[in-house]
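We use all heavy atoms of the structure for the numbers below, so side chains are in, but hydrogens, waters and symmetry mates are not. Model, not experiment: these values are computed from the prediction.
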Amino acid sequence: MGKHLHWFRKDLRLADNPALSRAAKGDVLPVYLFDPSELAAMGAASKVWLFHSLHALNQSLDGQLRLLSGPSQTALPEFVAQNEITTVTWTRRYDPAGIEMDQALKATLQGNGVEVHSLNGSLLWEPWDAKKPDGTPYRVFTPFYKRGCQAAAPPRAPLPAPKLDLVKKPHDDLALLDQLLPDRDWHVDMMDGWNPGEAGARIALEAFIDGPLDGYKSDRDVPAANATSRLSPHLHFGEISPNQIWHAIAKQPTTHDTAHFKSELAWREFSYHLLYRHPDLDHKNLNDKFDAFPWRDDDAALQRWQRGQTGIPIVDAGMRELWQTGYMHNRVRMIVASFLIKNLLIHWREGLAWFHDTLVDADPANNAASWQWVAGSGADAAPYFRIFNPVTQARKFDAEATYITTYVPELAALPVKHRHAPWEAPAEIRKALQGYPEPLVDLKDSRARALAAFSSLP
DNA sequence: TGGAGCTTGAG
DNA sequence: TCAAGCTCC
């Protein structure tokens, strides 16, 4: 026995939390720590989600979640010493800053005679296990998934929530959570329709399995169809584990839909695998040929993209969905990213930074791997010449302009057939359109410019 | 997990 | 006239 501290980070749940279950062998002090360096690096939307998620976690811990503040390297060992804690547990992190912090802290704690257990609770497979037969890491998704993952042992089965003997905390410290909220109240509307926390994650998973899972493979591409799982923020904050999702899906009859959804979970694994192997994934081209790419500096264009004022309806709808809800449909993420990188020739890092700040599911691995994938500078990346035409994409995946009109209501003044490309409408129809900008760039010309830029690379 | 431009052939 | 198929970017 003894007093065991579980340090919660991106594992804000009780069920299927191997490190928490390990802590439950003793009397448990559940802790969340506000490290100033981590807070400074966190996006605004993520902080709002975290605020709600920590409240939910505290409730499921009978109000006994302890909130600490300070640099983890000093604040945590001090707390451990003051409270005569014998064992510290946490769920492993795989981002470079997290790995570095955890290694240093583990050494400090062990040097002080404290037992430390770090366990995997956020990935289906450890990123260092997936290696090609020649020992080098995979760079292509399909063999990574087929030979590196599926051929390995199946993912660990989920654990039940442990019974916790909680050590009562001496005073209420919940006011510390308020630092996560912004000064202005935009976050209230943003959270409409979201339900952060372990219970909300479970409900979202069940609703997905009972609903959109059937037909997922094709409907997932239609932004107005509500046919995706929307589990990403829950998964990012560890309110649900990938193992819980994987095994819940595996219980269903196997179809093309279940197989495809599992492969999407595996893309998340692949992103973490890449981030683990390439710690500078969020700022350095994986393919260094792209270091010579002639990016444009264009703050005005960047700002119009950020605010959903490019004059390209599907792009603006996506960027406004993001701004209003902290989320964007995956198909539309690819379209807006392609537009920023290829039609505007603005560096993918600018897009990554904006997504990091505004997405409630902003994730270091998914965000970096996906932006590099669109740019063509990453692993298994889209070929450079794959340039989405946002009008073609919109006509294909939002044929009735339902999604477009939801987020760009100005376009409701036009007949449906003109809402994908309003500039092509006859002048007398177009004049009904008040206050919606002309296209920021000509799609044909900017496509040609992008192809020329890419072909200029050595 | 593209698109543009071209040819071909049905209607 | 246009969808389908092909090639190249």
Show, in sequence, the C-alpha distance, side-chain angles and deciding distance for A:R156 and A:D16, and conclude whether the salt bridge (charged side-chain N to carboxylate O under 4.0 Å, His left out) test is met. CA-CA 10 Å; A:R156 171 184 59 73; A:D16 194 38; 2.5 Å; yes
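- Between A:S118 and A:K106, the side chains place a donor N or O and an acceptor N or O closer than 3.5 Å (distance only, hydrogens not considered).
- Listed by chain and number, the residues in a salt bridge (Lys or Arg N to Asp or Glu O under 4.0 Å) with A:D282 amount to none (sequence neighbours excluded).
- Aromatic ring centres of A:W49 and A:H187: separated by at least 6.0 Å.
- Legend: ring-ring contact (aromatic ring centres under 6.0 Å, His included) pairs involving residues 129-155 of chain A, not counting sequence neighbours, sorted by first then second residue: A:F141-A:Y145, A:F141-A:W267, A:F141-A:F270, A:F144-A:F270, A:F144-A:H273.
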For nucleotides 1-4 of chain B, tabulate all protein N/O to nucleotide N/O atom pairs closer than 3.5 Å, reporting atom names and distance.
| residue | atom | partner | partner atom | Å |
| --- | --- | --- | --- | --- |
| B:dT1 | O4 | A:W267 | NE1 | 2.8 |
| B:dG2 | OP1 | A:R386 | NE | 2.5 |
| B:dG2 | OP1 | A:R386 | NH1 | 3.2 |
| B:dG2 | OP1 | A:R386 | NH2 | 2.9 |
| B:dG2 | OP2 | A:R386 | NE | 3.4 |
| B:dG2 | OP2 | A:R386 | NH1 | 2.8 |
| B:dG2 | O3' | A:Q393 | NE2 | 3.2 |
| B:dG2 | N2 | A:F385 | O | 3.0 |
| B:dG2 | N2 | A:R447 | NH2 | 3.4 |
| B:dG3 | OP1 | A:N389 | N | 3.2 |
| B:dG3 | OP1 | A:Q393 | NE2 | 3.2 |
| B:dA4 | OP1 | A:N389 | ND2 | 2.8 |

